[in-house]
Amino acid sequence: MNLDQLSHKLGVEIEPQLLELALTHRSYAYENGGIPNNERLEFLGDSVLGFVVTVHIHDRFAELSEGDLTKLKNSVVSAKALAFVANELGLGEYIRLGKGETQTGGSAKASLLSDTFEALLGAAYVSKGLAAASGIIERLVFPLLLDRDSLLANADPKTNLQEIAKRLNRGEIRYETSFEGPDHDRTFFTAVFMGRSSIGEGSGRSRKTAETAAAVVALHNLKENGS
């Protein structure tokens with residue numbers, strides 16, 4: 001892995017040890033003797049991201065109500081949005097994954113990509129401070145706000161899907177979820193139904209993430225079908 005190349009893409013020189021830690025998924029850590037993983041940095045990065053985005057949209061969108069500001073923030077920091085940013089960075093090729101996660105395409109999973117991006121923000125904060133982490137967010141995340149209407153439309157895919165089902169009168173929305181893997185490395189798989197018809201599938205590291213991913217796919221499928 002060329003971590004210097006990743007640092008260049010981020011626009012911040014993160015301390016090599018912290019950068020490597022930010023890229024270490026728990027599956028890799030478990031398979032290598034329980035070494036530290038990126039979850040603590042992810043926790044920190046999530047908070048930094050939420051703060052920076054909140055301040056920005058509060059200042060920029062004075063015309064929006066509190067409710068719409070909340071929806072806009074949630075859409076910008078969603079796994080779907082952050083996975084898009086991570087894919088633009090080519091982040092998947094840098095993540096250290098366990099063999100099982102690699103075999104199941106972990107480097108392309110939205111939840112894993114978004115979590116790793118948040119870990120990178122945490123590492124930037126620890127290494128260089130809030131200004132450095134904010135700089136990454138400004139360069140890579142804020143451009144998503146240029147298409148504000150689309151972001152708001154997808155802020156809460158499960159609620160949007162429920163509203164569409166009610167409008168179409170095609171039955172209740174129902175989610176069926178299963179999981180694979182041990183407790184420390186579990187992946188959830190969700191199929192969403194409208195009445196008796198399966199309309200989307202998704203996966204994630206938690207039941208909530210998998211259901212949200214399935215709802216996003218369902219919304220796309222319904223749009224493609226003209227619903």
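Basis for what follows: all heavy atoms, side chains included, without hydrogens, waters or symmetry-related copies. Computed from a predicted model, the values in this text were never measured in an experiment.
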Side chain Ser197, main chain Phe193, donor-acceptor under 3.5 Å:
no
Same cluster or not: are Val217 and Ile173 linked, directly or through other Ile, Leu, Val, Met, Phe, Trp or Tyr residues, by side-chain heavy atoms under 4.5 angstrom apart?
no
Are Leu19 and Ile35 connected in a single hydrophobic cluster, I mean Ile/Leu/Val/Met/Phe/Trp/Tyr linked by side-chain heavy atoms less than 4.5 Å apart?
no
Here the pair of heavy atoms bringing Leu49 nearest to Ile137 is CA-CD1, 3.8 Å
With no hydrogens and no angle check, is any side-chain donor or acceptor of Thr190 less than 3.5 Å from a backbone partner on Thr177?
no
Nearest atoms (heavy-atom pairs only) where Ala124 meets Ile136
CB-CD1, 3.7 Å
Locate the shortest heavy-atom distance separating Ser114 from Leu82; write the atom from each residue and the value.
CB-CB, 3.6 Å
When you measure from the side chain of Ser111 to the backbone N and O of Gly204, does any donor-acceptor pair fall under 3.5 Å?
no
Would you list the pairs meeting salt bridge (Lys or Arg N to Asp or Glu O under 4.0 Å) in which at least one residue belongs to residues 206-217, sequence neighbours left out?
Lys158-Glu211
Hey, mind stepping through Ser206 and Thr209 against side chain to side chain donor-acceptor pair (under 3.5 Å) and telling me if it holds?
CA-CA 5 Å; Ser206 68; Thr209 301; 2.9 Å; yes
Nearest heavy-atom approach of Ser203 to Thr187 is CB-CG2, 4.5 Å
Could you go through the side chain to side chain contact (heavy atoms under 4.5 Å, CB included) check for Leu121 and Val52 one step at a time?
CA-CA 11 Å; Leu121 294 178; Val52 173; over 6 Å; no
Under the side chain to side chain donor-acceptor pair (under 3.5 Å) test, which residues partner Ser47, sequence neighbours left out?
none
To the nearest 0.5 Å, tell me how far Ile14 CD1 sits from Leu21 CG.
11.0 Å
Quick one: CD1 on Ile57 to NZ on Lys73, what's the gap to the nearest 0.5 Å?
7.5 Å
Any heavy-atom pair between the side chains of Tyr94 and Lys9 that's under 4.5 Å?
yes
Do Phe117 and Leu145 sit in the same hydrophobic cluster, where Ile, Leu, Val, Met, Phe, Trp and Tyr count as joined when their side-chain heavy atoms come under 4.5 Å apart?
yes
Should the heavy atoms of other residues, nucleotides or ligands under 6.0 Å from CZ of Phe84 be counted, would the total exceed 12?
no
Which residue pairs pass the ring-ring contact (aromatic ring centres under 6.0 Å, His included) test with at least one member in residues 9-65, sequence neighbours excluded?
Tyr30-His184, His56-Phe142
After noting the C-alpha distance and the side-chain angles of Glu172 and Met194, does the key distance pass the side chain to side chain contact (heavy atoms under 4.5 Å, CB included) rule?
CA-CA 6 Å; Glu172 293 294 320; Met194 182 182 288; over 6 Å; no
So, applying salt bridge (charged side-chain N to carboxylate O under 4.0 Å, His left out) with Arg26, which one of Glu42, Glu39, Glu31, Glu101 is it?
Glu39
Report yes if some heavy atom in the side chain of Leu219 is under 4.5 Å from a heavy atom in the side chain of Ile164; otherwise report no.
yes
Ser107 and Leu113: which non-hydrogen atoms are nearest, and at how many Å?
O-CD2, 3.4 Å
Using 0.5 Å steps for rounding, measure from the CG atom of Leu89 to the OG1 atom of Thr116.
11.5 Å
Side chain to side chain contact (heavy atoms under 4.5 Å, CB included) between Val216 and Leu161, intermediate numbers included:
CA-CA 8 Å; Val216 169; Leu161 188 59; over 6 Å; no
Examine the side chains of Ser75 and Ser78 and answer whether a donor and an acceptor come within less than 3.5 Å of each other.
no
Would you mind reporting whether Leu97 and Leu112 have side-chain heavy atoms less than 4.5 Å apart?
yes
If you take all heavy atoms of Gly200 and Asn221, which pair is closest and at what distance?
CA-ND2, 4.1 Å
My understanding is that only residues two or more places apart in sequence, or in another chain, count here; which of them pass salt bridge (charged side-chain N to carboxylate O under 4.0 Å, His left out) with Glu118?
none
If you measure from CG on Asp115 to CG on Asp46, what distance do you get to the nearest 0.5 Å?
9.0 Å
In Å and rounded to the nearest 0.5 Å, what is the CG to CG distance from Leu120 to Leu91?
5.5 Å
To the closest 0.5 Å, what do you measure between CD (Glu63) and CG (Leu69)?
8.5 Å
Under the side chain to side chain contact (heavy atoms under 4.5 Å, CB included) rule, collect the residues that match up with Phe179, sequence neighbours excluded.
Arg186, Phe188
Which pairs pass salt bridge (Lys or Arg N to Asp or Glu O under 4.0 Å) with one or both residues in residues 119-143, sequence neighbours excluded?
none
